[in-house]
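What follows is a single structure, written as structure tokens, with notes after it.
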Amino acid sequence: MLSYYRSLPNLITLGRLVLAPAIVAMIAAQRWKEACIVFIIAGLSDAVDGWLANTFDLRSELGAYLDPLADKALIVSIYVSLAIVEVLPATIAILVVARDIMIIGAFMISLVMRKPIKVKPLTISKLNTTAQISFAAMVLGGKAFDFPAGAWFEVSLYAVAALTLASTAAYFGQWIKHMNL
């Protein structure tokens with residue numbers, strides 16, 4: 001019984017990973033209310049699995065890899081989908097994707113060079129993820145409930161862009177230091 005509970009955060013994370021393509025399909029079909037609701041559920045699952053893992057000491061090595069993978073899959077797929085249907089500017093989707101490619105690329109290079117980096121999210125990265133998820137939820141909510149994209153959209157868009165750039169710079173700096181460049 002205890003082993004089932006030990007896996008609960010990872011099972012929630014896997015659920016978030018499975019929800020990403022479903023949300024993309026809803027966005028493509030312009031089923032905005034459904035996409036918004038499922039995206040909010042997926043976003044909240046990120047907080048729940050982290051809280052469970054930390055509160056009940058259910059952290060695992062698998063979870064350390066799965067959680068950021070699920071976050072990346074969810075965020076990247078949503079931003080690219082919203083850019084394709086022209087709800088978000090393509091530049092923000094490109095910025096979000098480029099950041100994640102850089103992080104994954106640095107991680108892979110480190111492994112190949114036998115200088116593995118421990119998977120540990122930076123504070124700026126947590127803020128960035130929260131901002132990206134919140135902005136996507138607001139955009140989906142706006143589409144779902146016909147709220148006009150006013151000043152909140154521009155301010156949030158620039159905040160996400162700034163945090164994404166800051167997170168990219170922080171990870172890149174950490175990687176350069178780790179690789180002794």
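Scope of the values below: all heavy atoms of this structure, side chains included, with no hydrogens, waters or symmetry mates.
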Minimal non-hydrogen separation, [X] against [Y], with atom names:
X      : Y      : result
Ala131 : Val160 : O-CG2, 3.6 Å
Ala137 : Ile40  : CB-CG1, 4.3 Å
Ile117 : Phe107 : O-CE1, 3.5 Å
Lys115 : Met179 : NZ-O, 3.5 Å

Is the Tyr79 ring parallel, tilted or perpendicular to the Phe135 ring (thresholds 30°, 60°)?
tilted
Relative to each other, are the rings of Phe145 and Phe147 parallel, tilted or perpendicular (30° and 60° limits)?
tilted
Tell me the salt bridge (charged side-chain N to carboxylate O under 4.0 Å, His left out) pairs involving residues 94-112, sequence neighbours left out?
Lys72-Asp100
For the side chain of Trp32 and the backbone of Lys143, is there at least one donor-acceptor N/O pair under 3.5 Å apart?
no
If hydrophobic clusters are built by linking Ile, Leu, Val, Met, Phe, Trp and Tyr wherever their side-chain heavy atoms come under 4.5 Å apart, do Tyr171 and Val97 end up in the same one?
no
Nearest 0.5 Å, please: how far is CG in Leu11 from OG in Ser45?
12.0 Å
Taking the side chain as every heavy atom from C-beta outward, state whether Leu19 and Leu74 have any pair of such atoms under 4.5 Å apart.
no
Any non-hydrogen side-chain atom of Leu8 less than 4.5 Å from a side-chain atom of Phe56?
no
